[in-house]
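See below for the structure under consideration.
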Amino acid sequence: MSRIIILGAAQMGPIAPDESRESCVSRMVDLIKQASSRGCSFIVFPELALTTFFPRYYEEDITKMDDWYEKEMPNKATRPLFEAAADAKIGFYLGYAELTPEGRRFNTAILVDQNGKIVGKYRKVHLPGHSEYDPKRPFQHLEKRYFEPGDLGFGVWRQQGSIMGMAICNDRRWPETYRVMSLKGAEIIVLGYNTPDLNTSGKEQNHLRMFHNHLTMQSNAYMNGCWVIGTAKAGIEDGCMLIGGSCIIQPSGEIATQAATLDDELITFAADIDICNMPKDTIFNFAKHRRIEHYSVITEQTGVELPKGLN
Ligand code: CDT
């Protein structure tokens with residue numbers, strides 16, 4: 001018997017800087033209702049899904065940004081989302097900015113089970129961007145200012161008869177993200193993203209943003225024999241264009257379904273989790289084929305070390 005889970009990516013259109021949490025949550029509840037009508041049992045919301053992508057704004061005094069963060073979860077504004085999802089027996093991934101009681105700031109995602117209980121937490125490890133105002137950029141990407149690197153590692157959780165892991169946006173570009181979770185048995189890796197269509201850190205053609213979005217998730221789905229769900233916050237947000245392209249990717253690396261708009265849009269797919277078994281038992285049977293005696297530089301060295309001598 002196959003293990004089928006109807007999975008969803010709940011893409012969201014732009015969130016204006018002055019849009020309330022309550023308004024975002026009501027949009028999410030609509031997506032939950034659509035998911036329920038399609039028999040979906042797990043959906044993935046974007047990164048920082050309760051606010052506009054505020055790292056595009058510079059503020060000298062970081063505490064003046066506190067309103068963008070959630071101090072507890074669930075809270076008054078998000079409780080209706082947890083309740084609607086629990087009523088519909090839908091589990092979900094939600095990205096938000098976390099401010100801890102100790103004053104630490106993380107770009108966070110949670111995994112919520114079908115009863116509305118938080119069962120997993122992930123804090124973004126690979127923070128992109130910069131920490132100081134950069135006058136050369138048309139808009140800022142200050143994740144390194146407003147968040148510290150995640151301290152929880154790459155966990156996985158048993159959910160709905162499968163094993164799920166979480167990542168956030170820029171993490172999807174790093175093969176280590178998927179490999180660490182796959183070494184813990186991940187069969188479904190889920191992530192949300194906010195990706196401007198313009199690379200402000202270097203010269204690059206805009207169309208490559210979507211290409212790399214899919215390339216990284218598809219290749220890593222294939223190389224780890226797992227399902228990958230990537231969910232965008234898309235469209236023109238406070239003048240900044242964010243790519244869409246939310247998708248559900250199968251272990252072959254092929255996109256099973258992809259969003260067609262840059263708005264709130266739910267895509268779903270009846271995913272057979274057991275199709276992970278063939279690649280995991282054959283070409284990507286890690287226990288049989290990995291050669292860790294040659295991989296030590298991956299954890300012992302961060303940057304490139306060139307061979308000695310001159311050419
Ligand atoms: N949110 C996020 O991680 N965005 C990055 C943009 C990188 S450009 C500084 C991404 O990897 O899509």
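First listed ligand is number 1; within each ligand, the first listed atom is number 1. Quick caveat, the model's predicted, so the values are computed rather than measured.
Contact residues for ligand 1 (protein heavy atom closer than 4.0 angstrom to any ligand atom): Glu47, Phe53, Lys124, Pro128, His141, Glu143, Cys169, Asn170, Arg172, Arg173, Asn194, Thr195, Arg209.
Ring-centre distance between Phe284 and Tyr222: below the 6.0 Å cut-off. If you look at Tyr93 and Phe42, their ring centroids are not closer than 6.0 Å.
Considering every non-hydrogen atom in both Ser219 and Leu215, the closest pair reads OG-O, 2.7 Å.
The pair Glu47-Arg172 does not meet the salt-bridge criterion, since no charged nitrogen lies less than 4.0 angstrom from a carboxylate oxygen.
Scanning for ring-ring contact (aromatic ring centres under 6.0 Å, His included) contacts around Phe54 gives Trp68, Tyr69, Tyr146, Phe147, with sequence neighbours left out.
By the criterion of side-chain heavy atoms lying less than 4.5 angstrom apart, applied directly or through intervening Ile, Leu, Val, Met, Phe, Trp or Tyr residues, Tyr193 is not grouped with Phe45; the two fall into different hydrophobic clusters.
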